[in-house]
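These notes concern the structure reproduced below.
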Amino acid sequence: MAEKDITRLATPRRAIPDESPEVGRLSAMVLALLGELTVTRERLDSVERLLESAGILRQSDIEAFDPQGAAAVEREKLRRRQIGKVMRPYRLDLEKALAEVQHKLAEADAVLEEEVTK
Amino acid sequence: MTHPMMPVATHDERAEQCFVRDLKIWMAEEIDPLQRKLVEATSEALPELSGLDIGPLRKKLLAQDVYRSWLSFRRTSQEMMWDAVGTSIDRQLDELTAKADVTEPLGSVTINPDFKPPRYIAALDVHMMPGGYTHDRGEGDIRQGAMIDRGGAVYMLGRNGGLMNDIRGHTTAQHLFEVYPDLEPKKILDLGCAIGASTVAVASYFPDAQTYGVDVGAAMLRYAHARAEHLGQRVHYVQANAEHTDFPDESFDFVYSCVLLHETSKAAARKIFAECHRLLRPGGVVIHCEVPPSPEGRSVWTKVLGDYESLYNNEPFWRGVQKLDLVGLMRESGFSDVKHGFQASTAKASRDAAKGFSSESSGVFRCWMMVSARK
């Protein structure tokens, strides 16, 4: 029998009354995401400071950096991809709701068509 | 200051641990004042709450989605802390385990293979730390000790002596110097020593004494032993229940505990006091160091915080210990002239220090509550 991995979750873990498990999970995921973002931002900060102390660039170079042409296009793609990733659940729900409405409309049109052509 | 056994963090691990710490601080500083107003407003419509039962208020609070989120975020930050620390330790576990294998130790660690932890320890993972105090993978395992050491230092948010996490030990020694200046202990016992942060701090003032530490977890004690050895302190760690150890009657000059009582139970606290009396030789001194109650007393907000600790941070006795008549219990177990008060926190005890023991609490982390007596 494999050793039960008790190093991941403490027991007992009391349910918070009236909190839906979905919301609890989502909250934890949002905090984890915030943690990851903070770690990444801090790493970037380390890189910037090390480059500056090595005389490779200055913080002001970064502030003044404004990509043009192809670089600007690539930046925009990156931004849109990131927005699309985070907004995906909302978009999926919206698409689903829309599909239902369209299905109903199509049904109504079909009924109308039948009545008209009778 | 740190010590050689302390798990080290890479750049990103350090960032992650600091993030959790800062998330907790942000919650405490930015959210708690608002949540507190909400709690106070909610409680106004309710009759005065007495004792530990906040049932009617809890029900009203739980009907508010922002309160449920407060509980959830608070607990999640704690779970994230253990995850961050655990991941970092697992990366370096082989190195830490090798480092813990000290070839010519000054002290010792004695594991009892038949040891059964008391129910209040076995039933839940205290502080939401996965595996609790007793998780052990057997011979040579030190993981749970590393978790407590690194996690404890992150959790105390730098207010208990940083990575040494030993201000409680120094403050307990200061209490001894100040209130019982004539005692020159030759045999010392720390009950509920965990990874020995306080044990080593106290032992450092009495290099000629024999120092023992007792606790419930094997992996935790192996780590405590390694930690003490790397700090050059001779300590003997023993796996035992502080309610009834195997040491002979009247075999110690000084018995103390640091934040042990609130991790036990009402019945256990009584037994621990009696055990201290049994273990001390006449003239010996007992000191129990605990978290001071909130200076504002039993406000409704303090009760709500206590309710969170008990239910969602697996600290079932957190509120109960604050209601205990510690002085009365000490008297019941045979001690007279019991001292009860607050010792100002210090990172270095000294027989020449200014008076730091007072009947008034200066607040959590600024002081530690002391209950002490001479047999």
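Residue numbering restarts at 1 for every chain, and letters A, B, ... go by the order of the sequence lines.
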Taking all atoms of both residues into account, what is the closest heavy-atom pair of B/D125 and A/P12, and its distance? N-CD, 4.5 Å
Taking every heavy-atom pair that is under 4.5 Å apart, which of B/V20, B/D83, B/L62 has the most such pairs with chain A? B/L62
Between A/R41 and chain B, which part of the residue has a heavy atom less than 4.5 Å away: side chain, backbone, both or neither? neither
Between atom OG1 of A/T38 and atom CG of B/L23, what is the distance when rounded to the nearest 0.5 Å? 8.5 Å
With salt bridge (charged side-chain N to carboxylate O under 4.0 Å, His left out) as the rule and sequence neighbours excluded, what pairs involving residues 12-30 of chain B come up? A/R43-B/D12, B/E13-B/R91
Among B/T87, B/V126, B/L71, B/D65, which residue forms the greatest number of heavy-atom pairs with chain A at distances under 4.5 Å? B/L71
Which residues in residues 65-83 of chain A have any heavy atom lying under 4.5 Å from a heavy atom of chain B? none
Interatomic distance, CE@B/M80 vs CG@A/L34, rounded to 0.5 Å, equals 7.0 Å
Only counting residues at least two apart or in another chain, list the ones meeting side-chain hydrogen bond (donor to acceptor under 3.5 Å, both in side chains) with B/T76. none
For residues 15-28 of chain A, run the donor-acceptor check on the side chains, cut-off 3.5 Å, and write out each pair with its distance to 0.1 Å, sequence neighbours left out.
residue, atom, partner, partner atom, Å
A/E19, OE2, B/S72, OG, 3.1
A/S20, OG, A/V23, N, 3.2
A/S27, OG, A/V23, O, 2.9

Among the listed options B/H127, B/M129, B/R75, B/M128, the residue most often paired with chain A at heavy-atom distances under 4.5 Å: B/R75
Minimal heavy-atom distance between B/L311 and A/R14, with the atoms involved, is O-NE, 3.0 Å
Please check if atom CD in A/E114 has more than 12 non-hydrogen atoms from other residues, nucleotides or ligands closer than 6.0 Å. no
Contact class of B/A123 relative to chain A, heavy atoms under 4.5 angstrom: backbone
